[in-house]
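To keep things clear, I will list the structure first and then write my remarks on it.
All of these numbers come straight from a predicted model, not from anything done at the bench. In the text below, chain A, chain B and the rest are named by the order of the sequence lines, each starting its count at 1.
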Number of protein chains: 2
Amino acid sequence: MSEATIGDVARRAGVSVTTVSRFLAGQPVRAADTIRTAVQDLAYRPSPVARSLRSGRTRSIALVVPDVTNPYFAAVVKGAEAVARQDEYHLFLSNTDEDVDREAAVLADLIGRVDGAILAPTVESDEAPLRAHQAGLPLVFLDREIGGSALFDAVLVDNAGGSRSAAEHLLDLGHRRFAIVNGTMHSTPGRQRREAFLETLTARGIDPAEIDEEVGDFREQGGYQAVMRLLAREHPPTALFVTNNLMTVGALRALHDLGVRVPEQLSIVGFDDLDLAALLMPPLTVVDRPMEEQGAIAMRLLLRRLRESDDVTPRRIVLETKLLVRGSTARPTAGNRTPLS
Amino acid sequence: MSEATIGDVARRAGVSVTTVSRFLAGQPVRAADTIRTAVQDLAYRPSPVARSLRSGRTRSIALVVPDVTNPYFAAVVKGAEAVARQDEYHLFLSNTDEDVDREAAVLADLIGRVDGAILAPTVESDEAPLRAHQAGLPLVFLDREIGGSALFDAVLVDNAGGSRSAAEHLLDLGHRRFAIVNGTMHSTPGRQRREAFLETLTARGIDPAEIDEEVGDFREQGGYQAVMRLLAREHPPTALFVTNNLMTVGALRALHDLGVRVPEQLSIVGFDDLDLAALLMPPLTVVDRPMEEQGAIAMRLLLRRLRESDDVTPRRIVLETKLLVRGSTARPTAGNRTPLS
DNA sequence: GTGAAAGCGCTAACAC
DNA sequence: GTGTTAGCGCTTTCAC
């Protein structure tokens, strides 16, 4: 029965709708008390939809991520939501499941429904975001970018730095046989984490032939299978870098099923911390980064863009990573260090 | 520049807006081809806001949960979103952080903005949902209820059954000294899990004095502190039941810091499975339940209610739990079985 | 099968 | 400081 409109309030208070509107906007009005009473009596709530139609703004923001079930994105959502709430914005949430078509559909659908969107695009060659942008949807990129996206605000992570620290840590321990489980190679983090890891290794004299690669597509199952393949090889690696949290879980599961002892037989570094990482046996060494904060920053960037004129130069914020050395990395054992001798 | 309106399309196609509207609605129209072209040329998209104002429906649903960062709720969100998408509904997400006031504010804010909401209420004595319902917001309860909520659809879990299975498992192993870490005692799961655990124990002859209780408020930190307090006692328990996932993580952290050996010194059962539960040392015994499915069911219930008339009798669906016995539970050791002798 | 016109609930000129 | 009115973009009578 919440059907009271501004007209009802006006009638009950014996004034015009204009006056009520002005009262609601906080402007000085003679009949303030009367109106206030009428509002309460009728349990009047201004219709957000009508306001939106009038103002052209919805006071809501969409957050488009591959998967909320990924603890990293869950944290991002939380951070973003908290900031939105403060500014009285509402949050739409969409999962793309790393599916480009779904992402495109979602974005198209969002136009006119939200004032802006925060997006973790599936692939760097993605066109959908550009179309959405041209259609008037302000966009901020989260964690990933698309090609030639100098137009957009973005909150990224120093993937290269993170991977480098992982590689150096493993090198310093004395490893010479490496493997990396890659994510989606068409995405920013997938590409950057791989490249930096490989470059660091070869720059320090590692023969590329000593670096095995498998793709795990950023999924737990992918990580599992990648590790299964990796360890089935004749000369398995002694050091493993897994480039996201979900794949790390899968990798650990695989190592567990295989009975591989960590770090005695294999050292492992993950990208992204896990809630239970420190409680695993052994505790997991990971590249960590701010998560809720990344969501919060993305939201702030977007809200600021909505506030200011649209021609503000795009801002790119790159957050630092931090290597958390725990127990899953160690020196290679003698047998492992020279697997061929 | 996505400013084309239905009027622009009509003009370009040389027909009236009515005809365009009918065309868009899929009704037979002579100028179909012309209109189709005009729509494409102008990249016309019907305004969702205008449609909502007209129809009184927004095609969006809100999901109000305590915390998306909780893997259980993240899974629920995913399940609910998938169902909503199929029916072309959009999802609003709000975190309440277990705060009654925030929840009330969120609900009030949602009225008129969504067609319905799925809610995991903070406390059973909550009034806000009733007010929202009276204001015309269809509601489905998720995982938790409020007092006298026979009015509402709900998707619950057999908390009593889950706790009973945990208690019986521990009893069967021979434990006589118990402890339970409770959640928010004013919430449905908090209350039910506690009661069933205690009843099962006492029904099997356990002296209530042999059952320690601490409250952890469903938070990780709460679980940590609860366990710290529990194990500081003179005659610590040999069996521990932790009533949700977050608190279980905290509990494990505490046990780790304390150097308590599981299950030798203490058996532990958690409520809700964790992604890494099976990989912990020892693997964690837990009460598991469907998570994404619970979200999906809640969404289906709500959409069905929106479709059917509002006077359908409320439906309550109770999902079954399943005890996953892994390695964190074992017989009490001799020393522990009779701590006083 | 089609068009004119009213109206969803609100805000903002514009006159007073 | 207040009321009248137009109009945001759409759907839907109601005549034709």
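- Every residue two or more places apart in sequence or in another chain that forms a side chain to side chain donor-acceptor pair (under 3.5 Å) with Glu98(A) is listed here: Arg144(A).
- Residues meeting the salt bridge (charged side-chain N to carboxylate O under 4.0 Å, His left out) test with Asp101(A), sequence neighbours left out: none.
- Contacts between residues 13-39 of chain B and DNA chain D, defined by a heavy-atom separation under 4.0 Å, are made by Thr18(B), Ser21(B).
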Indicate every side-chain donor-acceptor pair of residues 33-40 of chain B with a distance under 3.5 Å to a residue at least two apart or in another chain.
from, atom 1, to, atom 2, distance (Å)
Asp33(B), OD1, Arg36(B), NH2, 3.0
Thr37(B), OG1, Asp33(B), O, 2.7

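- As a whole-Å value, the separation of Tyr44(B) OH from dG9(D) C1' is 7 Å.
- By the salt bridge (charged side-chain N to carboxylate O under 4.0 Å, His left out) test, Glu81(A) is found to be paired with Arg85(A), residues two or more places apart in sequence or in another chain being considered.
- The CD1-P distance, from Ile6(B) to dG7(D), rounds to 18 Å in whole Å.
- Looking at every heavy atom in both residues, Ala74(A) comes nearest to Val68(A) through CB-O, 3.4 Å.
- Put simply, CZ on Arg113(A) is 16 Å from P on dG9(D), counting in whole angstrom units.
- Rounded to whole angstrom, the span from the CZ atom of Arg11(B) across to the C1' atom of dC10(D) amounts to 15 Å.
- Residues that satisfy the salt bridge (charged side-chain N to carboxylate O under 4.0 Å, His left out) test with Asp115(A), not counting sequence neighbours, are absent from this structure.
- Distance, Leu42(A) CG to dG9(C) P: 14 Å, rounded to whole Å.
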